[in-house]
S.K.: 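I have a structure I would like to understand better, so I am pasting it below and will then ask my questions one at a time.
The sequence lines fix the lettering, A, B, ..., with proteins before strands; numbering per chain opens at 1.
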Protein chains: 2
Amino acid sequence: MMLDSETKAVELPEDHGTELRLWLRLLTCTTLIEGEVRSRLRERFDVTLPRFDLMAQLDKVPDGMTLSDLSKRMMVSNGNVTGLVERLVESGHLDRRTSETDRRVQFIRLTKLGRAEFRKMAAEHETWIADIFADLSRKDISELMRLLAKTKASAQRSAKARTP
Amino acid sequence: MMLDSETKAVELPEDHGTELRLWLRLLTCTTLIEGEVRSRLRERFDVTLPRFDLMAQLDKVPDGMTLSDLSKRMMVSNGNVTGLVERLVESGHLDRRTSETDRRVQFIRLTKLGRAEFRKMAAEHETWIADIFADLSRKDISELMRLLAKTKASAQRSAKARTP
DNA sequence: CTGAATCTCTTTAAGCTTCAAGCAATTTGG
DNA sequence: CCAAATTGCTTGAAGCTTAAAGAGATTCAG
């Protein structure tokens, strides 16, 4: 006769403490760095992190992108992007025009001002990040990159399995 | 005569692309997992992630802790905790009493209900996390733990250097 | 062609979050 | 003891965020 611990017919509480600790550590790191970047952006340029992130997405493309694209890339909700874009258009950093072939679609671009300001911020931002990670060796960094890629893939697999 | 590239008297734009990519990947991983946990918590228990996090902090200690402790451990602002606690007291999950030796201080505890509900959620939560990280080997996990510890230390060093 | 489904975006309500200012209690340095 | 600084918490304004519902435009299947 087989034992429960072998058959798993009975759900024994397994030990997943290591995974949980890993998740908490990952979260701590991100929160710490995010907070640091957030306060430097505010202090130095009086800009919020979400606005900076949005402009960073737009800076990658010359001709702008749609709200949906932005929302997918930033991994936030559609309604969220609507509000952010609204405020950035208001402040003169963005430019919006409706697609001529599909009147549902709005193309969003950085204005000249928006791009200039973003470039200035981005240059400094890059040095902050470099400093924040400065104690990691090249090998540490490439190893972290590899493991995080694996983590991302694993998380996506898990998410997809739940919502097919 | 020395060259600028040797003296660094002139700030040349150095390449910090790898650090930036690492940061973006770290952020993507965290956002992805956080979103997944958030929707499972809502779907399964109709609870928000911040409330879950707050209860998780309180579950670790039997006699409760102060609002300041909570705010430090959760790495969020004081005012934020005030609101969260208020809503959780309202819903009967938390309990607050003023310190007898220092009337500024409030001790916050889980109620019986709060602890029971949290334990139920936490058990399931742990299995979600285990599944999310399931494609990582033991070695991957311990390596990630090590590298993230190093990252955290580096980020703290950088933050401290700015705000002494 | 037409009705249904889908897509893009906006709106709304509720809640989260920060920063800064402020209040009250305690501690500290004369 | 007392004024000043510090500490613990709350409040208010602004902005971020989500989920859900909905409006308008396009696409698709029959």
Side-chain angles (χ1 to χ4, degrees), chain A residues 27 30-32 34-55 64-91 93-94 96-108 163, chain B residues 27 30-32 34-55 64-91 93-94 96-108 163:
Chain A
L27 189 55
T30 301
T31 306
L32 189 61
E34 205 172 85
E36 185 61 18
V37 171
R38 186 194 312 280
S39 51
R40 293 197 201 201
L41 281 173
R42 170 177 293 269
E43 192 172 284
R44 188 77 180 76
F45 301 110
D46 194 34
V47 76
T48 66
L49 187 50
R51 286 179 204 204
F52 179 82
D53 284 346
L54 195 152
M55 289 194 273
M65 59 175 77
T66 67
L67 286 175
S68 295
D69 287 342
L70 275 172
S71 135
K72 271 174 212 119
R73 283 171 186 264
M74 296 177 71
M75 299 197 286
V76 299
S77 69
N78 253 326
N80 190 349
V81 174
T82 295
L84 279 170
V85 165
E86 189 176 292
R87 288 184 286 271
L88 281 165
V89 167
E90 175 68 26
S91 64
H93 294 84
L94 301 188
R96 66 199 313 173
R97 70 203 147 81
T98 305
S99 165
E100 296 183 4
T101 60
D102 185 339
R103 290 198 322 235
R104 289 169 302 180
V105 177
Q106 308 255 348
F107 287 104
I108 313 295
T163 314
Chain B
L27 189 55
T30 302
T31 305
L32 190 60
E34 205 171 86
E36 185 60 20
V37 171
R38 185 195 313 281
S39 48
R40 293 199 200 200
L41 280 173
R42 170 178 293 270
E43 192 172 285
R44 189 75 181 78
F45 300 111
D46 194 34
V47 75
T48 66
L49 187 49
R51 287 179 203 204
F52 179 82
D53 283 346
L54 196 152
M55 289 194 272
M65 59 175 77
T66 68
L67 286 176
S68 295
D69 287 341
L70 275 171
S71 135
K72 273 175 210 117
R73 284 171 185 264
M74 296 177 70
M75 298 196 286
V76 298
S77 68
N78 253 326
N80 191 351
V81 174
T82 295
L84 278 171
V85 165
E86 189 176 290
R87 288 184 287 270
L88 280 164
V89 167
E90 174 68 24
S91 64
H93 294 84
L94 302 188
R96 66 199 312 173
R97 71 204 145 79
T98 304
S99 163
E100 296 183 3
T101 61
D102 184 339
R103 288 194 327 229
R104 291 170 303 179
V105 176
Q106 307 256 350
F107 287 103
I108 313 295
T163 316

S.K.: I want to verify a distance call: between C:dT10, C:dT18, D:dC16, whose nearest atom is closest to the A:R38 side chain?
M.R.: C:dT18
S.K.: Of the nucleotides D:dC9, C:dC19, C:dT11, which one has an atom closest to the side chain of A:R42?
M.R.: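 The answer is C:dC19.
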S.K.: May I ask you to decide if B:G35's main-chain N or O and B:S39's side chain share a donor-acceptor pair within less than 3.5 Å?
M.R.: yes
S.K.: Of all the nucleotides listed (D:dT17, C:dT11, C:dC16), which has the minimum atom distance to the side chain of B:L84?
M.R.: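 Shortest atom-to-atom distance from the side chain points to C:dC16.
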S.K.: Quick one: which of C:dC16, D:dC16, C:dA25 gets closest to the side chain of A:R51?
M.R.: D:dC16
S.K.: If you assign each of A:D102 and B:T101 to its closest nucleotide in DNA chain C, which residue comes earlier from the 5' end?
M.R.: A:D102
S.K.: Would you mind telling me which of C:dG15, D:dA25, C:dT26 lies closest to the side-chain atoms of A:R104?
M.R.: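 The closest nucleotide is D:dA25.
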S.K.: So which nucleotide from D:dC9, C:dA25, C:dT8 ends up closest to the side chain of B:V105?
M.R.: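 For the B:V105 side chain, the nearest candidate turns out to be D:dC9.
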S.K.: Would you mind telling me which of D:dC9, C:dT18, C:dT10 lies closest to the side-chain atoms of B:V76?
M.R.: C:dT18
S.K.: I'd like to know if the side chain of B:T30 reaches the main chain of B:L27, judged simply by a donor and an acceptor atom lying under 3.5 Å from each other, with no hydrogens or angles considered.
M.R.: no
S.K.: How far does CG of A:L70 sit from CG of A:D53, to the nearest 0.5 angstrom?
M.R.: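 The CG atom of A:L70 sits 11.0 Å away from the CG atom of A:D53.
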S.K.: Which residue lies toward the 5' end of DNA chain C, B:E100 or A:D69, if each is placed at its nearest nucleotide?
M.R.: A:D69
S.K.: For A:S68, answer base if it contacts any base atom (sugar-phosphate contacts may also be present), sugar-phosphate if it contacts only those atoms, and nothing otherwise; contact means non-hydrogen atoms under 4.0 Å.
M.R.: sugar-phosphate
S.K.: To the side chain of A:T48, which of D:dT26, D:dG15, D:dA19 is closest?
M.R.: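 Among D:dT26, D:dG15, D:dA19, the one nearest the side chain of A:T48 is D:dG15.
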S.K.: Go through C:dA24, C:dC9, C:dG15 for me and flag the one nearest to the A:L67 side chain.
M.R.: C:dC9
